[in-house]
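Since the structure comes first, as structure tokens, the remarks are kept for the end.
Letters go in sequence order (proteins before strands), and every chain restarts at 1.
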Amino acid sequence: MVVTEFQKRVYAAVSRIPKGRVATYKGIAVRIGCGSPRAVGQALKKNPFAPDVPCHRVIASDLAIGGFQGRQEGAAIRRKVALLAAEGVRFSGGRLVESGRLIDKGG
DNA sequence: AGTCGCCACGAAG
DNA sequence: CTTCGTGGCGACT
């Protein structure tokens with residue numbers, strides 16, 4: 001595996017997300033000094049530290065579930081929702097119910 | 001090295 | 001929903 005410095009920043013920031021909380025792609029991007037959340041998503045989809053990096057705790061700033069395992073819908077997304085639900089983070093209609101769960105929202 | 005297309009996003013119309 | 005903007009990466013030339 002080849003991990004760029006940029007990716008390591010992303011994984012480091014994501015790994016800082018505590019259980020039962022979530023962060024946004026934008027939040028991660030800003031935290032690591034990136035102006036494009038898309039780059040964060042690209043790094044996450046690569047995520048070579050899958051169990052190490054809780055990529056399922058990263059959602060869109062729109063409170064949308066976002067993506068998982070390179071998918072934006074399907075079984076992968078349902079899996080992401082299930083993982084978050086197991087941590088107390090509930091979703092409804094593909095949207096985060098309690099926005100207070102967000103870290104970059106003053107958590 | 002230069003160019004183009006691809007992304008798990010976000011903001012504006 | 002559609003369109004534009006943004007930063008990073010892969011592939012082609």
Side-chain angles (χ1 to χ4, degrees):
Chain A
M1 281 301 301
V2 179
V3 182
T4 68
E5 291 298 315
F6 171 78
Q7 287 165 233
K8 288 197 292 190
R9 292 181 193 282
V10 175
Y11 305 139
V14 173
S15 64
R16 287 180 60 78
I17 305 172
K19 180 180 177 182
R21 298 287 182 280
V22 289
T24 65
Y25 295 99
K26 183 175 177 63
I28 300 296
V30 172
R31 182 168 294 274
I32 67 180
C34 179
S36 184
R38 293 199 122 210
V40 177
Q42 286 210 158
L44 288 179
K45 74 166 302 197
K46 295 171 71 71
N47 184 16
F49 310 109
D52 222 23
V53 179
C55 41
H56 64 270
R57 294 183 192 154
V58 185
I59 65 173
S61 184
D62 187 49
L63 301 187
I65 182 67
F68 194 57
Q69 294 179 347
R71 300 287 185 273
Q72 297 177 261
E73 54 179 298
I77 294 302
R78 290 198 293 275
R79 176 76 176 133
K80 180 173 181 177
V81 175
L83 286 168
L84 290 170
E87 299 183 359
V89 184
R90 299 184 300 111
F91 277 80
S92 179
R95 297 281 167 115
L96 178 67
V97 177
E98 298 181 278
S99 58
R101 295 284 186 179
L102 282 172
I103 295 176
D104 11 275
K105 281 281 188 172

How far apart are the closest heavy atoms of A:I17 and A:P54, and which atoms are they?
O-CG, 4.4 Å

Rounded to whole Å, please give me the gap between CD in A:Q69 and P in B:dC7.
17 Å

Pair assignment for B:dA8, Watson-Crick or G-U wobble, requiring both distances under 3.5 Å
none

Detail all sub-3.5 Å separations between protein N/O atoms and N/O atoms belonging to nucleotides 4-11 of chain C.
from	atom 1	to	atom 2	distance (Å)
C:dT6	O2	A:S36	OG	2.1
C:dG7	N2	A:A39	N	3.3
C:dG8	N2	A:Q42	OE1	2.4
C:dG8	N2	A:Q42	NE2	2.8
C:dG8	N3	A:Q42	NE2	3.2
C:dC9	OP1	A:T4	OG1	2.7

Can you give me the closest heavy-atom contact between A:S61 and A:T24, atom names plus distance?
CA-CG2, 3.7 Å

Remember a base hit wins even if backbone is also touched, and classify A:K45 as base, sugar-phosphate or nothing at under 4.0 Å, heavy atoms.
base

Send over the distance from A:I59 CD1 to B:dG10 C1', rounded to a whole Å.
14 Å

Distance, rounded to the nearest Å, where A:L44 contributes CG and B:dC6 contributes P:
21 Å

Quick one: does A:I103's side chain get under 4.5 Å of A:P18's, heavy atoms only?
yes

Grab the CD-C1' distance between A:E73 and B:dC7 for me, whole Å please.
15 Å

Any side-chain heavy atom of A:I65 sitting closer than 4.5 Å to one from A:L84?
yes

What is the distance from CG of A:L96 to P of B:dA8, rounded to the nearest Å?
21 Å

Could you state the atom-to-atom distance from CZ of A:F91 to C1' of B:dA8 in whole Å?
13 Å

Close side-chain approach of A:V10 to A:V53, heavy-atom, < 4.5 Å
no

Which of A:R21, A:R101, A:R57 passes side chain to side chain donor-acceptor pair (under 3.5 Å) with A:E87? Answer is A:R57

Counterpart base for B:dA1, defined by Watson-Crick or G-U wobble contacts under 3.5 Å
C:dT13

I need the CZ-C1' distance between A:R95 and B:dA8, as an integer number of Å.
15 Å

Stepwise side chain to side chain contact (heavy atoms under 4.5 Å, CB included) test for A:N47 and A:Q69
CA-CA 9 Å; A:N47 184 16; A:Q69 294 179 347; over 6 Å; no

Between A:Q72 and B:dC7, does any side-chain N or O lie under 4.0 Å from OP1 or OP2?
no

